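A short worksheet on the structure shown next.
Since this is a predicted model, take the numbers as computed values, not measurements. Chain A is the first sequence line, chain B the second, and so forth, proteins listed ahead of strands; every chain is numbered from 1.
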Amino acid sequence: MAEEKTWALVSEVGGEHGYLEELADILKQHFRIICYRELLEDPVLHGPKIQVLFMWKYCPAAEPLLLGLLPSLKVVVSGGVGIDHLDVPFINSLGAKVANTPGVVSDSTADLAMGLLLASARKILDGHQIAIDPKTMHIPQSLMGVEVTGSTLGIIGMGEIGYKIAQRSKGFEMKILYHNRTRRNVEDEQTVRASYCESLDDLLRKSDFVVIAVKLTLDTTGLVGHRELSLMKPTATLVNISRGQVVDQDALVKALQSGSICAAALDVTHPEPLPRDHPLLSLPNVLITPHIGISTYNTARRIVEKMVENALAAVKGLPVPNEVKLQLHNQC
Amino acid sequence: MQSVCYVRCVRRLWGPAQASQILNVTNMHRSVCQLQHKKVMEDNKPWALISEVGGQGYIEEVTDIMKQHFQIICHKDFLQNPLLHGPKIQAMFVWNALPAPEPALLSSLPSLKVVANGGVGIDHLDVSYITSLGVKVTNTPGVVSNATADIAMGLLLASARNIVEGHQISVNPNTTHTQCQMGVEVTGSTLGIIGMGHIGCKIAQRGKGFDMKILYHNRSRRSVEDEQAVGASYHDNMDDLLKASDFVMLAVNLTPETTGLISHRELSLMKPTATLVNISRGLVVDQDALVKALQSGTIRAAALDVTHPEPLPRDHPLLGLPNVLITPHIGTNTYTTTRRMVQRMVENAMAALKGQTIPNEVKPK
């Protein structure tokens, strides 16, 4: 019976930030869902019933005003692995746990990283635009890309996603360099034939493709700025699938305009979306996708299933599989 | 080019008036003989006919490779005086099917020893006819494979993950929020490769990195070792492969047997969630059938580096379908690969001229 199901707050079903119907159905199997709009119609009545807040694409935002309406909240579960948008200590201080969904996001994010790399390197976007342009009369001979096979890939951030990117690029016989807070074990390195670069500068100098796969923390904010971009080869491409703030966007614009680097492919920017007059939008050598790293039916479903799993555990007072417990130095 | 040396000597002896007549003869060779030392070196270089530099032809950056071993004449210049130039030409370099080695052209090249194609596909060449004239035909297999396999994966991923659509949303001046259609999962999906030659195998190698389940169909089965290297399973029956695949990849060469290989029936066997990727030749696919299949949702999407013709007429229905990604035959379009192709083309031609074993001779069936 619907009354016995735990109440969970979601943004909306359908709409720009909402869940697809079929994904909402997964939530509804275990929870009594209330949309943000419905909560606001009578927060005094509905608020105290809510034990779970499901965040999808950052909505609803777990801010003090909202959390203040939810005295019974046991857990905030965010779909995705990034938690830079969450004030974990604050949420904890209200007696609620925080959980994310690592693991299930890694394959599709790594796939998109490779897709962006290839699309940028081989000018697939330009090619398509020429192919369908009403004015195109001849096949252009001058649409030349850069060779991917055998090139050097530098991965900044060799966590689960970074490692899966390495696995995929091995099939392209790419030479793999990586930079990480800590070195991975020898077996891991040998499996993907990746070489550790203790010096980020080294990796930047040697790479034809630099892929950023770190999480956003105080340490990684602005990690790639003027200096780092100037170290890169002028023929190199920057691929960012982490967070917009890891890159100094103004520095990136300058580097692309001046030819300091060849191209950039970004699934993430800051903000999302960029203001419509932002220079990145009009540069010819930039490919931007709207944060679709996890946008496949399969992965979205797995994320929602994992969100449910974590929420059920929290509500039952059991250990939460993907509880986010922050060390102070990891905070944003 | 000994005549040029002679002319220069004569010019000094006779003075400008008389020498000018002789110099007219040398004007044609002017572009080839800019410097004294170059002139001496090029004296013995054989002549090769090419389409053009720029335009539909070669990028400027690769002409130095040809000029190392050949004196180059463009088709347009050749046509100024075919009677004069024709007999000198021993090699013809074909790039993007140009110049077309047709009877009218070949008959004006009595000294022709070789038609060297840039690229591996030779469906545009009448090999039997050309070889019947005592002329060898060569292509450039191998050197094209990596770049082509790379574009195959690039198209697969771009289509599966809606990268082009995503970019267009991201940069659209009217975008206030970003809602992009969900893509389909590549990792762990089933990749069915039709045509498991050098390129097909390299595609399989790349697909394996994505934990894709690899099926393949080929005229002949590959060795167990080859199969195991990429975890590919042979499907004698192409229909089975079509039914089971999430991504169907066409990597055959174009022959009478593969023309129209994928038509209504084959497309209807595919999953409605499947994507067709074509990096072979446009004629391998029945394009009208493809349009219908895409419009009706018989298949999810198509990604094509090749069409027939190229480019498509501007009013062709494929151009207007939202679930079609088309690139203008850029499978080998990297500087590295283009250079390697021209290098190999030149090597093949040199071997033919010297009567040596030709690395990539194409023999008539």
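- In this structure, B:Q205 contributes its side chain and A:G171 its backbone to a donor-acceptor pair below 3.5 Å.
- Note: A:I124 CD1 to B:L155 CG = 4.5 Å, rounded to the nearest 0.5 Å.
- Distance check, rounded to the nearest 0.5 Å: OG of B:S170 to NE2 of A:H278 gives 13.0 Å.
- Top candidate by heavy-atom pairs under 4.5 Å with chain B, chosen from A:D107, A:D111, A:L143, is A:D111.
- The CD1 atom of A:I130 sits 8.5 Å away from the CD1 atom of B:I330 when rounded to the nearest 0.5 Å.
- Using modelled atom types, no side-chain atom of B:R206 and backbone atom of A:K170 make a donor-acceptor pair closer than 3.5 Å.
- Counting heavy atoms from C-beta on, the side chains of A:I139 and B:N96 never come closer than 4.5 Å.
- Of the possible donor and acceptor atoms, none in the side chain of A:T289 sits under 3.5 Å from a partner among the backbone N and O of B:H167.
- Note that NZ of A:K123 and CG of B:N333 are 10.0 Å apart. Values are rounded to the nearest 0.5 Å.
- At a 4.5 Å heavy-atom cutoff, the contact between B:I163 and chain A is made by backbone and side-chain atoms alike.
- When heavy atoms are compared at a cutoff of 4.5 Å, B:T332 approaches chain A solely by way of its backbone atoms N, CA, C and O.
- Looking only at heavy-atom pairs under 4.5 Å with chain A, the residue among B:A147, B:C180, B:P173 that has the most is B:A147.
- Residues B:T334 and A:M144 have side chains not in contact (no heavy-atom distance under 4.5 Å, counting atoms from C-beta outward).
- Per-residue counts of heavy-atom pairs under 4.5 Å with chain A were compared for B:K208, B:Q56, B:H329; the largest is that of B:Q56.
- Side-chain atoms of B:W95 and A:Q141, non-hydrogen and from C-beta on, do get closer than 4.5 Å to each other.
- Between the CD atom of B:Q181 and the OH atom of A:Y297 there is a distance of 6.0 Å, given to the nearest 0.5 Å.
- Judged by distance alone, the side chain of A:R276 and the main-chain N or O of B:N174 form no donor-acceptor pair under 3.5 Å.
- Both the backbone and the side chain of B:P311 come within contact range of chain A, with heavy atoms under 4.5 Å apart.
- Counting heavy-atom pairs closer than 4.5 Å to chain B, the top-ranked of the candidates A:D133, A:L280, A:D277, A:L266 is A:D133.
- Of the listed residues (B:A149, B:A158, B:G57), the one with the most heavy-atom contacts under 4.5 Å to chain A is B:G57.
- The greatest number of non-hydrogen atom pairs below 4.5 Å with chain A, out of B:I169, B:L156, B:I151, B:L312, is found for B:I151.
- If you tally non-hydrogen atom pairs under 4.5 Å between each of A:A110, A:A265, A:G15 and chain B, the highest count goes to A:G15.
- Residues A:R168 and B:T187 have side chains that bring a donor and an acceptor to within less than 3.5 angstrom of each other.
- Here B:E310 contributes atom CD and A:T136 contributes atom OG1; the two are 12.5 Å apart, rounded to the nearest 0.5 Å.
- Ranking B:G320, B:A160, B:G154, B:P328 against chain A, the residue ahead of the rest is B:P328, based on heavy-atom pairs under 4.5 Å.
- If you measure heavy-atom distances from B:V324 to chain A, the contacts under 4.5 Å come from the backbone alone.
- Interface summary for chain B: among A:V146, A:L20, A:L125, the most heavy-atom pairs under 4.5 angstrom belong to A:L125.
- Side chain of B:E185 to main chain of A:T299: a donor-acceptor pair is present (N/O by atom type, distance under 3.5 Å, no hydrogens or angles).
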